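Just so we're clear, the structure is a prediction, and the values are computed from it rather than from any experiment.
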Amino acid sequence: MQNDLCSIGMLIYDLKRQVTFTPGKANFHFLETEFKRINLSISWKWNEKINGYPYLLAFHKREAEFLLAEVSKLDQYNTELKGLNPSSDFLTEIYTSIALGLSELIDRIVIMEHSTAIMDQSALKYN
């Protein structure tokens with residue numbers, strides 16, 4: 001089984017190590033496309049009922065919850081140091097974007113865990 005959240009996890013790890021990111025729209029575009037890819041990958045595996053899909057859903061939900069907790073810690077730390085870090089506002093936007101993407105993914109996985117088929121294709125689209 002592939003961990004579809006690996007790239008987001010690596011990004012959070014880099015943020016923990018205080019790797020400097022250049023503020024700009026490219027970072028947000030990456031996050032948007034990456035969360036679309038993750039949602040489509042997990043949704044496809046669920047829809048096709050690949051072998052072990054219940055475990056896949058549980059694994060990715062738990063991983064997303066773990067990463068969401070890590071982002072929350074980083075955001076809290078960033079808030080505490082707001083006046084000392086010149087890129088604090090940019091980091092707040094990045095943390096918020098990651099948290100939103102992870103929260104939406106968790107919500108979709110919960111829906112998939114309690115459904116047996118795709119009833120409404122719009123429920124699986126990334127807004």
(message) Distance check, rounded to the nearest 0.5 Å: Ile12 atom CD1 versus Ile98 atom CD1?
(response) 5.0 Å
(request) For Ile109 and Leu57, work out which heavy atoms get closest and say how close. (result) CG2-O, 3.5 Å
(message) Which residues pass the side chain to side chain contact (heavy atoms under 4.5 Å, CB included) test with Phe59, not counting sequence neighbours?
(response) Met1, Asn3, Tyr55
(message) Run the side chain to side chain contact (heavy atoms under 4.5 Å, CB included) test against Phe28 and tell me which residues pass, sequence neighbours left out.
(response) Phe90, Glu93, Ile94, Ser97
(message) Going by the rule side chain to side chain donor-acceptor pair (under 3.5 Å), which residues pair with Lys61 if we only count those two or more places apart in sequence or in a different chain?
(response) Glu113
(message) Let me confirm one number: the CG-NZ distance from Asn51 to Lys45, rounded to the nearest 0.5 Å.
(response) 13.0 Å
(message) Can you tell me how far apart OH (Tyr53) and CG (Asn47) are? Round to the nearest 0.5 Å.
(response) 10.5 Å
(message) Restricting to salt bridge (charged side-chain N to carboxylate O under 4.0 Å, His left out), what partner residues turn up for Asp89, sequence neighbours left out?
(response) Lys82
(message) Rounded at 0.5 Å granularity, tell me how far CG in Asn78 sits from CD in Glu80.
(response) 9.5 Å
(message) Is any side-chain heavy atom of Leu56 closer than 4.5 Å to one of Trp46?
(response) no
(message) Do Met112 and Ile42 make a side-chain contact, defined as non-hydrogen atoms from C-beta onward lying under 4.5 Å apart?
(response) yes
(message) Which residues pass the side chain to side chain donor-acceptor pair (under 3.5 Å) test with Ser103, not counting sequence neighbours?
(response) none
(request) Please tell me if the side chains of Leu100 and Phe35 come closer than 4.5 Å, counting only heavy atoms from C-beta onward. (result) no
(message) Once rounded to the nearest 0.5 Å, what's the spacing between atom CG of Leu91 and atom OG1 of Thr96?
(response) 10.5 Å
(request) Output every pair passing side-chain hydrogen bond (donor to acceptor under 3.5 Å, both in side chains) with a member in residues 64-75, not counting sequence neighbours, ordered by first then second residue. (result) Lys16-Glu70, Glu70-Lys73
(message) I need the Leu67 CG to Leu102 CG distance, nearest 0.5 Å.
(response) 6.0 Å
(request) Could you list the residues that satisfy side chain to side chain contact (heavy atoms under 4.5 Å, CB included) with Ala99, not counting sequence neighbours? (result) Leu68, Val71
(request) Identify, with sequence neighbours excluded, every residue that meets side chain to side chain contact (heavy atoms under 4.5 Å, CB included) alongside Glu34. (result) Ser7, Ile8, Phe30, Arg37, Ile38
(message) Keeping His60 on the side-chain end and Asp4 on the backbone end, is there a donor-acceptor pair under 3.5 Å?
(response) yes
